[in-house]
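Only heavy atoms go into these numbers, but all of them, side chains included; no hydrogens, no water, no symmetry mates.
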Amino acid sequence: MLQVILLLLPGVVSAEWKVNYPPPICAARGSDATIDCNFKYPQGQQVQQLLWCSMTSNHGDCHYNPYVYDSEANNNQNNFQYIGNKTSDCSLLISNINQAHSGEYKFRFITSVDRWTGNPGVNILVHDLRVSRSRENGSTVVGDSLNLTCTLKCPGGLAEVQWFKNGDPIQQSDPLLTFSRITAKDSGNYSCSLRNFKTTVSEEFTIYIEDVAWSPAVLIIVVVSLFSLVFITAAVMLIRRRKAKAHRKPVEEREEAQDSLYSTLQKTAYTNLPEAKDVQQEDEVEYSSISIKPKELLQTSANTEQQDDSTIYSTVMNG
């Protein structure tokens with residue numbers, strides 16, 4: 001009787017219901033991750049509904065919502081796109097993946113007879129690209145060699161990347177960026193991304209190339225030297241100015257003394273000249289000849305002049 005039951009219900013045999021997942025997937029943040037998947041079910045059945053669920057928001061065999069993809073729904077998340085079919089391919093594309101998408105995913109499908117969930121599911125890990133340098137400690141000066149490496153914390157290595165300096169792409173596709181003899185012009189912020197996926201760009205890594213010619217120690221020496229030179233120049237100018245001022249003072253005093261002596265001698269010589277004496281005596285004679293008439297004399301003179309005018313007028317009339 002047991003054998004008859006098995007013949008009547010062949011669909012319950014697990015060998016005829018299967019979901020094959022790829023190994024764990026490691027992806028760079030901002031890239032696209034594809035879950036390559038295939039499934040099978042007993043012949044004679046038709047697939048009616050396809051479902052993908054994330055175990056971070058679902059549980060068990062994903063019997064109920066939420067689903068990251070549901071072939072019967074119209075509100076699927078934009079990041080998840082079913083790229084398989086209803087016969088055997090159950091592949092799912094996750095675009096612009098990020099750390100929130102890390103976790104386990106399971107595929108579930110419903111046929112016209114039964115339903116099945118593939119266990120265990122597939123695990124996805126999401127990491128950031130990172131730029132590291134060959135020497136983590138110590139300063140780098142002009143002429144040193146330096147390597148920058150674009151890395152991803154995933155098994156295997158990166159094939160091709162895109163390097164950026166200060167946000168601008170540079171012509172380098174190898175994950176290892178080598179500077180054999182570095183210069184001050186190589187200073188800047190470096191980042192990398194997967195080829196053709198700028199959304200995966202890493203955080204910037206800053207390198208500062210110290211120019212020996214203008215290192216901090218040299219710069220301090222130059223500044224101190226300049227200040228010393230300015231101070232010495234100012235001191236020399238001040239000393240010279242004081243010396244010049246001290247030298248001019250005796251000269252000016254001697255010139256003033258000479259001018260005073262010359263003026264005195266000239267005055268004395270002029271006074272002793274005969275012409276000067278005669279001029280002085282004439283001035284004294286002229287000064288002594290000046291006399292002031294009293295008021296009465298002025299009035300008498302005026303009366304006399306008036307009488308003379310009257311006499312002249314009388315004579316004319318009598319004539």
*For the residue pair Asn38 and Asp89, confirm or rule out a side-chain donor-acceptor distance under 3.5 Å.*
no
_Pair Phe109 and Trp52, ring centroids less than 6.0 Å apart_ = no
*Ignoring hydrogens and geometry, is there a side-chain-to-backbone donor-acceptor pair from Ser91 to Asp36 under 3.5 Å?*
no
*Please confirm whether the backbone N or O of Gly44 pairs with a side-chain atom of Tyr41, one donor and one acceptor, at under 3.5 Å?*
no
_Parallel, tilted or perpendicular: rings of Phe107 and Phe39 (30°, 60°)_ = tilted
*Examine distances only and state if a side-chain atom of Arg29 and a backbone atom of Val201 form a donor-acceptor pair shorter than 3.5 Å.*
yes
*Okay, side chain of Thr199, backbone of Gly30: is any donor-acceptor separation there less than 3.5 Å?*
yes
*Leu51 and Val68: same hydrophobic cluster, using ILVMFWY side-chain contacts below 4.5 Å?*
no
*Keeping the roles fixed (side chain from Asn98, backbone from Ala100), state whether a donor-acceptor pair exists under 3.5 Å.*
yes
_With a 3.5 Å distance limit and no angle check, can you tell me whether Ser180 reaches the backbone of Ser145 through a side-chain donor-acceptor pair?_
no
*Are Asn196 and Gln162 linked by a side-chain donor-acceptor pair shorter than 3.5 Å?*
no
*From Ser95 OG over to Gln77 CD, what is the distance, rounded to the nearest 0.5 angstrom?*
10.5 Å
*If you measure only the distance, is there a donor-acceptor pair under 3.5 Å linking the side chains of Gln49 and Asp70?*
yes
_Show the nearest heavy-atom pair for residues Tyr69 and Leu92, with the distance to one decimal._
CB-CD1, 4.4 Å
*Working to the nearest 0.5 Å, report the span between CZ of Arg133 and CG of Asn147.*
10.5 Å
*Within-4.5 Å side-chain heavy-atom neighbours: Asp32 and Ile97*: no
*Quick check: are there more than 12 heavy atoms from other residues, nucleotides or ligands sitting under 6.0 Å from CD of Gln43?*
no
_Is there a side-chain contact between Lys40 and Ser88 in this structure, where contact means two heavy atoms from C-beta onward sitting under 4.5 Å apart?_
no
*For Met55, does its backbone N or O pair with a side-chain atom of Asn58 as donor and acceptor, under 3.5 Å?*
no
*Donor-acceptor pair between Thr149 and Thr151 side chains, under 3.5 angstrom*: no
*When rounded to the nearest 0.5 angstrom, what is the spacing between OH in Tyr21 and CD in Glu104?*
8.0 Å
_Minimal non-hydrogen separation, Asn119 against Gly60, with atom names_ = OD1-O, 4.5 Å
*Reported CG-to-SG distance for the pair Leu158 and Cys192, which is rounded to 0.5 angstrom*: 7.5 Å
Tabulate below the donor-acceptor pairs under 3.5 Å that side-chain atoms of residues 167-176 make, not counting sequence neighbours, or state none.
from   : atom 1 : to     : atom 2 : distance (Å)
Gln172 : OE1    : Asp174 : N      : 3.1
Asp174 : OD1    : Leu176 : N      : 2.8

_Within the structure provided, determine whether Asn76 and Tyr67 are in side-chain contact (heavy-atom separation under 4.5 Å)._
no
*For residues 61-111, pull every pair meeting disulfide bond (SG atoms under 2.5 Å apart), keeping only residues two or more places apart or in separate chains.*
Cys37-Cys90, Cys53-Cys62
*asked:* Can you confirm whether Leu93 sits close enough to Phe80 that some side-chain heavy atom of one is under 4.5 Å from a side-chain heavy atom of the other?
replied: no
*Ignoring hydrogens and geometry, is there a side-chain-to-backbone donor-acceptor pair from Thr233 to Leu229 under 3.5 Å?*
yes
*Just wondering, do Leu129 and Cys150 contact through their side chains at under 4.5 Å, heavy atoms?*
yes
*asked:* Around atom CD of Glu203, are there more than 12 heavy atoms from other residues, nucleotides or ligands closer than 6.0 Å?
replied: no
_Side chain proximity check, Pro155 to Cys26, heavy atoms < 4.5 angstrom_ = yes
_Between Ile35 and Ile25, is there a side-chain heavy-atom distance shorter than 4.5 Å?_
yes
*Does Lys198 reach the side chain of Phe164, with side-chain heavy atoms less than 4.5 Å apart?*
yes
*Apply ring pair (Phe, Tyr, Trp, His ring centres under 6.0 Å) to Tyr190 and Phe205, showing your working.*
CA-CA 5 Å; Tyr190 289 84; Phe205 185 91; 8.5 Å; no
*Donor-acceptor pair between Asn189 and Thr206 side chains, under 3.5 angstrom*: yes
